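Numbered from 1 within each chain, the chains take letters A, B, ... in sequence-line order. Since this is a predicted model, take the numbers as computed values, not measurements.
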Amino acid sequence: MMTDKVGTVIEKVKNVTDKVGIYIHVPFCRSKCYYCDFCSECGTNKDTVDAYVDAACREIDAVAASVRETRGGARLPVADTVYFGGGTPTLLDPEQFERLILAVRRNFGVAEGAEITAEANPKTADREKLAAMRRAGINRLSIGMQSTHDGELRALGRIHNFADFERIFADAREVGFDNISADLMYGIPEQTEESFCESVRRLAAMDPEHISSYCLTVEEGTNFYRRRDSLNLPDEDEVASMYRKMSNILSENGYNKYEISNFAKVGRASRHNLKYWEYDDYIGIGVAAHSFFGGVRSSHSRDIEGYIRGENIIDDTQKIEGDEAVSEYVMLAMRLSRGVDIAKFKANFGLDFYEKFGGKIAKFSPEFIEKNEKNCRFTSEGMFVSNYILSEMLEF
Amino acid sequence: MSRSDRMKKIRNFSIIAHIDHGKSTLADRILESTQAVSKREMEEQVLDNMELEKERGITIKARAVKLDYTAPDGEKYVFNLIDTPGHVDFNYEVSRSLNACDGALLVVDATQGIEAQTLANAYLAVDANLEIIPVINKIDLPSADIERARSEVEDQIGIPAEGCPAVSAKTGLNIEQVLEAVVRDIPAPTGDEDAPLKALIFDSYYDSYLGVVVNVRLIDGKICAGDKIRLMSTGREFEVVEVGTMEAFGLCKCDCLQAGEVGYITASIKSVGDTRVGDTVTLADNPASEALPGFKAVQPMVFAGIYPADGARYGDLRDALEKLRLNDAALTFEPETSIALGFGFRCGFLGLLHMEIIEERLEREFNLDLITTAPGVIYEVKTRGGETVMIDNPSNFPTADVIEVAKEPLVKASIITPTEYVGGLMDLCQDRRGVFHDMKYLDSTRVELHYDLPLNEIIYDFFDALKSRSRGYASLDYELKGYEPSKLVKLDFLLNGEQVDALSFIVHEEKAYGRARRIAEKLKDNIPRQLFEVPIQAAIGSKVIARETVKAMRKDVLAKCYGGDITRKKKLLEKQKEGKKKMRQLGSVQVSPEAFMAVLKLGDDD
């Protein structure tokens with residue numbers, strides 16, 4: 001069944017694309033990490049989780065029906081990436097993963113060689129579950145490691161230790177995951193440059209295909225925010241230095257920085273996440289999920305109970321056009337190491353990139369921003385101060 | 001009633017006091033006791049009716065009120081109570097208000113005794129030939145010492161205080177003694193109502209319906225609606241629209257005002273600049289032969305540049321200043337431009353309090369965000385070419401090679417303090433280039449210090465420093481003494497090699513190094529990091545005397561675009577963009593308005 005809310009979103013969909021990424025949000029956790037302001041709930045009973053999975057399957061059906069209607073019954077785009085994010089997706093049973101993937105498959109179809117990722121918490125998946133997830137079609141894991149130091153993990157409010165990560169990593173390899181990403185965090189309480197570099201080295205030595213490394217931001221409404229004045233955080237200079245050292249270590253170990261916070265072995269960049277930065281279409285399913293489809297952005301509400309009842313699903317919808325679309329495009333593309341592709345920009349917007357932004361870019365030293373006929377991109381130095389530069393370049 | 005009988009029943013008086021000694025509270029009790037205002041209506045102090053005054057507990061502008069008093073013997077009297085401003089910035093206005101009176105109540109806090117402004121105001125009252133009645137106040141407080149306060153009045157001011165009223169204005173205790181003393185001791189006005197009109201202006205304010213309302217005390221003669229008046233300092237003439245008296249809750253029109261009375265005149269006057277406090281009003285067709293003595297056109301002593309934080313609001317700032325000037329003849333302003341701050345105004349004030357009041361009113365009443373440059377005084381420079389120029393803006397200060405001699409204004413300052421703080425305060429005065437004159441023991445616990453101090457040393461934060469070094473007990477009074485030669489230099493600040501005109505100021509050579517270093521440090525702490533290193537230099541001419549560096553920004557990035565949530569990042573950039581709009585672009589460097597403010601507010605300990 002299709003809700004009105006979803007209907008209004010999809011009616012605005014005009015563009016036809018062949019491929020789409022599907023993001024499915026799993027808003028459940030065993031406990032909340034101190035820095036986390038994502039949508040998740042702790043201690044949810046099994047029935048509710050199951051009801052949520054059902055509701056998500058229904059939403060996939062409804063969205064597909066609505067897209068099909070808009071396109072006058074034409075073919076739907078095929079899903080070439082599926083991403084289970086959270087929350088803690090590994091709190092789902094393998095059977096629940098199967099149902100969700102099936103819902104995508106029966107509506108959109110899943111392209112051959114599609115990237116199907118699940119985020120995993122080291123404490124919530126044993127070898128058996130990993131094997132079952134693999135059988136359900138998941139072929140990429142993104143494991144929240146964060147640090148190799150148990151003290152730092154405790155300071156973050158993580159429920160696992162480093163040994164748990166080592167175990168899940170080994171188990172994942174054992175059951176056949178050949179595309180694994182691990183998360184790191186820096187700029188966290190008690191961390192030093194040395195301890196962070198050690199985390200980076202130890203992780204690189206384990207040879208995952210992909211590493212995401214995020215700097216802590218203390219967000220409102222989190223445990224950290226309440227304690228923000230007493231958190232012993234590294235200062236701006238230390239954090240900048242951590243970033244540089246990390247980039248170097250990862251580069252030495254064969255990882256390419258393809259986005260500000262993402263590093264991958266050749267051919268192993270996250271295809272799903274690239275859709276965000278390359279202005280491609282993606283459809284979000286579940287509470288707090290975000291969609292960008294046919295030039296329309298929409299976001300889901302965070303109300304889990306409402307979602308299960310099929311009410312109050314979408315809380316905001318916005319058609320992105322004109323200068324705003326241009327600014328978004330640039331903001332996102334500039335996160336990537338290859339930056340804005342000048343030809344693609346022209347094809348998308350019919351504008352000459354340098355005619356529009358050349359004057360503003362000229363204010364910044366080539367130390368921060370590089371330009372040639374093919375690309376305009378941040379240097380490694382520029383990336384780390386990119387907000388400063390983008391906020392001068394762009395109009396929203 | 002014969003003429004002389006009419007005058008015999010009038011009492012014109014002021015209440016004078018040091019700040020916080022209870023002047024306004026006593027005024028309230030008098031209003032209440034004469035039934036001009038009922039107790040219920042008395043919740044707020046009627047005489048102080050500006051919002052800022054209430055907050056600061058001080059009276060900024062004089063106000064007057066006419067009260068009807070029936071003495072215990074049944075005789076009816078008219079009291080004109082003229083309130084006076086209570087701060088050294090407004091000394092001249094105080095003196096004019098006092099000249100409109102025949103007597104004054106000198107309020108002395110029984111717990112504090114005599115303070116600097118008690119003395120200063122008492123001297124002003126003596127100068128105005130007023131009969132002074134001491135009133136010892138706050139006798140309800142446990143630490144009250146009535147006898148000590150009385151003996152201080154007798155010893156230090158030299159007026160008898162034996163048996164003077166001792167009251168609690170707060171509780172109303174013994175207020176009737178004050179009223180009886182007013183009737184008994186304050187002389188009735190003298191004056192000749194047949195002589196040509198002489199009326200002293202002691203206040204004026206702009207009313208959007210009436211135009212300027214001029215408050216006057218008639219010395220001689222008589223004034224009626226329809227008369228043609230002349231203001232003797234300017235010769236300007238106006239036709240009187242209305243005359244009347246100031247009652248507790250508003251103006252009360254009457255036919256004529258006569259010698260000895262206090263009242264108001266309206267005459268379709270557009271600007272308070274035409275009705276200067278201290279000026280004499282006379283009749284155009286039967287003028288007095290000479291004006292009342294003591295008129296001075298008030299001169300601003302402190303100058304600062306005021307700029308809108310948002311350059312687009314220049315017009316609003318101009319309109320706001322014009323509105324304030326309608327009511328404030330002491331405020332001057334003229335347009336100026338700064339490379340750093342854009343279009344703004346160079347404003348002149350009576351003193352620092354006056355400046356703060358104007359700033360606050362601009363911000364509150366007109367909803368303006370302001371950037372104010374460091375306050376300065378008027379310097380006198382004689383050039384080698386033999387020319388003498390008055391400098392109120394550091395930008396116009398000539399270079400050292402052109403200056404023959406530079407002079408700065410000095411004030412005679414009197415500080416009264418408990419003895420234990422004398423050392424610290426003498427250090428403070430010394431540090432501010434003060435020249436010690438003498439020290440008088442007022443009694444075994446308190447001392448009066450006399451110093452000559454450069455005005456530019458006391459306009460920054462001297463008063464705050466004085467208070468902090470004396471735990472709030474020391475009090476200050478000062479008056480302008482004149483100009484003295486001084487080794488003055490202009491201190492400039494450069495950001496990334498470019499001079500920021502709005503940060504320049506004139507300072508004594510000896511103080512330049514310390515100030516330069518402290519301001520450079522403050523700038524370093526308040527200028528946001530930029531993409532490149534920003535050198536800060538302080539210089540006199542081409543000589544750099546202090547330097548600091550704002551390190552380059554290292555990190556300004558949003559780590560994660562989670563689950564395709566683009567909106568959040570967009571909002572973050574938008575917010576950042578908003579923040580940047582408030583920044584001032586100084587050459588290649590962006591500086592927040594807060595940085596300017598931080599630099600201007602150097603504390604005592606900085």
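- A salt bridge is defined here as a Lys NZ or Arg NE, NH1 or NH2 lying under 4.0 Å from an Asp or Glu carboxylate O, and Asp237(A) with Arg529(B) meets this definition.
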Item to complete: Go through the steps for Leu332(A) and Ile566(B) under the test side chain to side chain contact (heavy atoms under 4.5 Å, CB included), then give the verdict.
Response: CA-CA 8 Å; Leu332(A) 294 166; Ile566(B) 304 307; 3.4 Å; yes
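- For chain B, the nearby part of Glu328(A) is the side chain; its heavy atoms alone come within less than 4.5 Å.
- When atom types are taken as modelled, the side chain of Asp556(B) and the backbone of Asn387(A) share no donor-acceptor pair closer than 3.5 angstrom.
- Residue contact with chain A, scored on non-hydrogen atoms closer than 4.5 Å, involves the backbone and the side chain of Lys570(B) alike.
- Around atom NZ of Lys575(B), no more than 12 heavy atoms belonging to other residues, nucleotides or ligands sit under 6.0 Å away.
- Ion pairing between a basic and an acidic side chain is recognised when a charged N comes within 4.0 Å of a carboxylate O; Glu392(A) and Lys577(B) show no such pairing.
- A cation-pi contact, defined as under 6.0 Å to the ring centre and within 45° of the axis, is absent between Lys555(B) and Tyr388(A).
- Heavy-atom neighbours of chain A within the stretch residues 544-554 of chain B, taken at a separation under 4.5 angstrom, comprise Lys551(B), Met553(B), Arg554(B).
- Your options are Arg244(A), His272(A), Glu381(A), and the one with the most heavy-atom pairs under 4.5 Å with chain B is Arg244(A).
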Item to complete: Before giving the answer on side chain to side chain contact (heavy atoms under 4.5 Å, CB included), spell out for Phe532(B) and Glu367(A) the whole-Å C-alpha distance, their side-chain angles and the decisive distance to 0.1 Å.
Response: CA-CA 10 Å; Phe532(B) 44 86; Glu367(A) 186 192 346; over 6 Å; no
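- Between Phe292(A) atom CZ and Asp565(B) atom CG the span is 13.5 Å, to the nearest 0.5 Å.
- Across all non-hydrogen atoms, the minimal contact from Phe384(A) to Val557(B) is O-CB, 3.7 Å.
- In this structure, OG on Ser391(A) lies 11.0 Å from CD on Glu578(B), to the nearest 0.5 angstrom.
- In this structure, the separation between CG on Leu573(B) and CE on Met331(A) is 6.0 Å, given to the nearest 0.5 Å.
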